[in-house]
> 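Please read through the structure below; I'll follow up with questions.
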Amino acid sequence: MTDKRTITYSKYIAVSVIIILVFRFILLGAIPLLDKTESRYAEIARLMYETKEWVVLQIDYGVPFWAKPPLSTWLSAISFSVFGVNEISARLPFYVLNVTILIMLGYWIKRLKISFFLPAFILLTMPEFLIHTGVVSTDVALTFSVTLLMLSFWKAIQTNDHTIWDYLFFIAVGLGLISKGPIILVLTGPPIFIWLLLQKIKIKDLYSRLPWIKGIIITCLISIPWYILAEKKSPGFLNYFIVGEHFNRFLKPEWNGDLYGSGHSQPLGMIWVFLLLFTFPWFQIVLIKLWKNRTTILKDNWVSFLVLWLFWIPFFFTMSKNILHTYILPVTIPMAFLMVHWWPQYKNKKTALILSSFFPVAAIIIFIGLNFNKDWYQQLNSDKYLIQNHINKPTEGSTPIYYWHNVSYSGEFYSKGHVKEITTTIELETLMNSDNKFYFIILKKRLKEIPKTIKNQLVLLDSNRTTSIFLHKKSQ
């Protein structure tokens with residue numbers, strides 16, 4: 001009876017993983033790039049692809065973007081060069097990165113004689129991981145780097161024989177430095193250090209088990225050249241990125257030095273709420289299992305390694321107000337490994353499978369239902385359809401497109417940079433007195449800023465949840 005039930009669970013898990021991955025792939029092109037974070041990074045990659053400036057990231061033509069390293073941008077820009085500029089190309093590298101993580105975890109557990117698809121099922125049924133399987137995000141590249149770093153360290157520390165894992169550890173550090181910066185060391189160094197202390201591994205043993213000199217050279221070759229070139233081509237980058245993004249952002253809740261937006265101030269400890277909500281129900285199950293096995297956690301090297309990996313990141317961000325839920329993405333990996341470790345003896349498999357299936361099933365049902373309503377896209381925070389439904393392939397010299405004050409990143413992306421900003425009614429009146437027609441896009445909440453005499457000369461073409469597009473054509 002148990003064997004039949006195990007086979008049934010394994011089939012359900014495998015089929016579910018395939019369905020979810022297909023569904024998530026469909027979403028790469030079915031949903032427009034959303035403002036402002038995702039479309040911002042996609043637009044930065046589009047600018048890189050268009051201008052062929054591969055060193056200094058740009059937030060606008062000639063305006064440097066110092067907030068992040070280039071790995072994620074490189075991935076989308078390379079994808080654009082192969083598949084063209086569209087939302088599928090922008091998102092595809094991040095879908096591939098997460099699928100690579102799933103394959104890596106599947107092969108990692110093959111010796112346990114557990115379904116290859118089990119870690120993939122656990123991760124894809126976590127809202128945080130599923131959402132980011134195909135979202136333009138620096139956190140996906142960081143999570144891949146953290147995963148590779150932690151797993152390669154574990155492999156390297158288990159034996160004195162040098163293997164490919166020794167070098168993958170240093171490659172992962174280098175990738176982390178160009179995916180999100182020195183934060184890779186902050187997120188992985190302390191849990192590794194504490195684990196080494198618990199295992200009473202001596203420094204000389206650690207030194208002998210990793211090729212430190214060759215490894216550090218590899219790390220430097222991967223990361224340092226870009227940092228040097230970026231500072232040389234855009235002076236001031238290192239000070240802003242290292243001091244501002246890695247210290248002030250987290251230590252100063254109302255940090256006003258952010259050049260690219262405002263901080264995300266949250267109540268202290270909010271990271272734990274994010275963890276409970278965006279990894280449901282697996283984190284809750286892990287907490288229960290850890291409590292039941294609290295007396296043996298430190299006796300199992302692998303479990304203690306995973307626990308430190310899992311809890312260090314939320315602990316680190318507990319005292320920070322300037323956080324996002326995306327910061328918990330790297331801890332979904334040790335959470336999945338812990339569940340896999342306990343799975344053979346876990347008695348409530350059916351309940352766990354049902355509860356965890358809720359989010360992906362709900363997402364699929366909602367998506368199918370929305371597609372029966374042709375206006376569903378109007379509720380999305382994107383200007384894609386305002387531009388594509390009313391403006392025929394914006395190009396240099398075509399009908400101008402103007403935004404009132406705030407040019408959205410999705411507007412920049414889908415117009416391929418052919419939008420301009422106006423901020424005064426004098427500019428708007430000058431345009432209206434010219435002979436050329438133009439499109440005018442404005443946030444609904446700012447319509448009151450436009451005088452009625454001007455507004456009466458604009459023809460409303462369309463609106464979405466937040467924005468309206470007008471056409472002005474001088475009467476003959």
> If you define the side chain from C-beta out and look only at heavy atoms, does anything of S179 sit under 4.5 Å from I184?
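S179 vs I184: side chains apart.
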
> Hey, can you pull the donor-acceptor pairs under 3.5 Å for the side chains in residues 8-28, sequence neighbours left out?
unit_1 : atom_1 : unit_2 : atom_2 : d
T8     : OG1    : K4     : O      : 2.9
S10    : OG     : T6     : O      : 3.0
Y12    : OH     : S357   : OG     : 2.6
S16    : OG     : Y12    : O      : 2.6
R24    : NE     : L130   : O      : 2.9
R24    : NE     : T133   : O      : 3.1
R24    : NH2    : I131   : O      : 2.8

> Let's go through E38 and Y409 carefully: what are the C-alpha distance in whole Å and the side-chain angles of both, what is the deciding distance for side-chain hydrogen bond (donor to acceptor under 3.5 Å, both in side chains) to 0.1 Å, and is it a yes or a no?
CA-CA 9 Å; E38 189 186 24; Y409 293 110; over 6 Å; no

> Excluding sequence neighbours, so at least two apart, what forms salt bridge (charged side-chain N to carboxylate O under 4.0 Å, His left out) with R446?
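Counting only residues at least two positions away or on another chain, R446 forms a salt bridge (charged side-chain N to carboxylate O under 4.0 Å, His left out) with E449.
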
> Do S468 and K444 have side-chain heavy atoms sitting under 4.5 Å apart?
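SC-SC contact between S468 and K444 confirmed.
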
> Is F358 atom CZ crowded by more than 12 heavy atoms from other residues, nucleotides or ligands, each under 6.0 Å away?
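Atom CZ in F358 is not packed in, count stays at 12 or less.
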
> With under 30° as parallel and over 60° as perpendicular, where do the rings of Y41 and F65 fit, or are they tilted in between?
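Y41 and F65: perpendicular rings.
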
> In terms of relative ring orientation, are W309 and F337 parallel, tilted or perpendicular, with 30° and 60° separating the classes?
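It falls in the tilted class, 30° to 60°.
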
> Just wondering, are more than 12 heavy atoms of other shown residues or ligands nearer than 6.0 Å to CZ in R111?
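No, not enclosed.
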
> Run the ring-ring contact (aromatic ring centres under 6.0 Å, His included) test against F83 and tell me which residues pass, sequence neighbours left out.
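F83 satisfies ring-ring contact (aromatic ring centres under 6.0 Å, His included) with no residue once adjacent residues are dropped.
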
> Could you tell me how the ring of W282 sits relative to the ring of F121: parallel (under 30°), tilted (30 to 60°) or perpendicular (over 60°)?
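Perpendicular, since the angle between the ring planes exceeds 60°.
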
> Taking the side chain as C-beta and beyond, is there a heavy-atom pair between L142 and V146 under 4.5 Å?
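A side-chain contact under 4.5 Å exists here.
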
> Answer yes or no: is there a side-chain heavy-atom contact under 4.5 Å between L306 and M150?
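No - every pair of side-chain heavy atoms lies 4.5 Å or more apart.
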
> According to the interplanar angle, ranging from 0 to 90°, do the rings of F311 and F283 count as parallel (below 30°), tilted (30 to 60°) or perpendicular (above 60°)?
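F311 and F283: tilted rings.
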
> Classify the ring geometry between F316 and W312 as parallel (under 30°), tilted (30 to 60°) or perpendicular (over 60°).
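F316 vs W312 ring planes: tilted.
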
> Between K349 and W343, is any pair of side-chain heavy atoms under 4.5 Å apart?
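Side-chain contact under 4.5 Å: yes.
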
> Go through R46 and E43 one step at a time and tell me if the salt bridge (Lys or Arg N to Asp or Glu O under 4.0 Å) criterion holds.
CA-CA 5 Å; R46 190 197 66 78; E43 173 60 7; 2.8 Å; yes

> Contact between W54 and I78 at the side-chain level, heavy atoms closer than 4.5 Å - yes or no?
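When only atoms from C-beta onward are counted, I78 and W54 do touch, with a gap below 4.5 Å.
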
> State yes or no: are the ring centers of Y107 and F116 separated by less than 6.0 Å?
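Yes: the rings meet the under 6.0 Å criterion.
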
> When the ring planes of W302 and W108 are compared, do they come out parallel, tilted or perpendicular, using 30° and 60° as the limits?
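Plane angle under 30°, so parallel.
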
> For the residue pair F274 and H325, categorise the inter-ring angle as parallel (less than 30°), tilted (30 to 60°) or perpendicular (more than 60°).
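Rings of F274 and H325: perpendicular, over 60°.
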
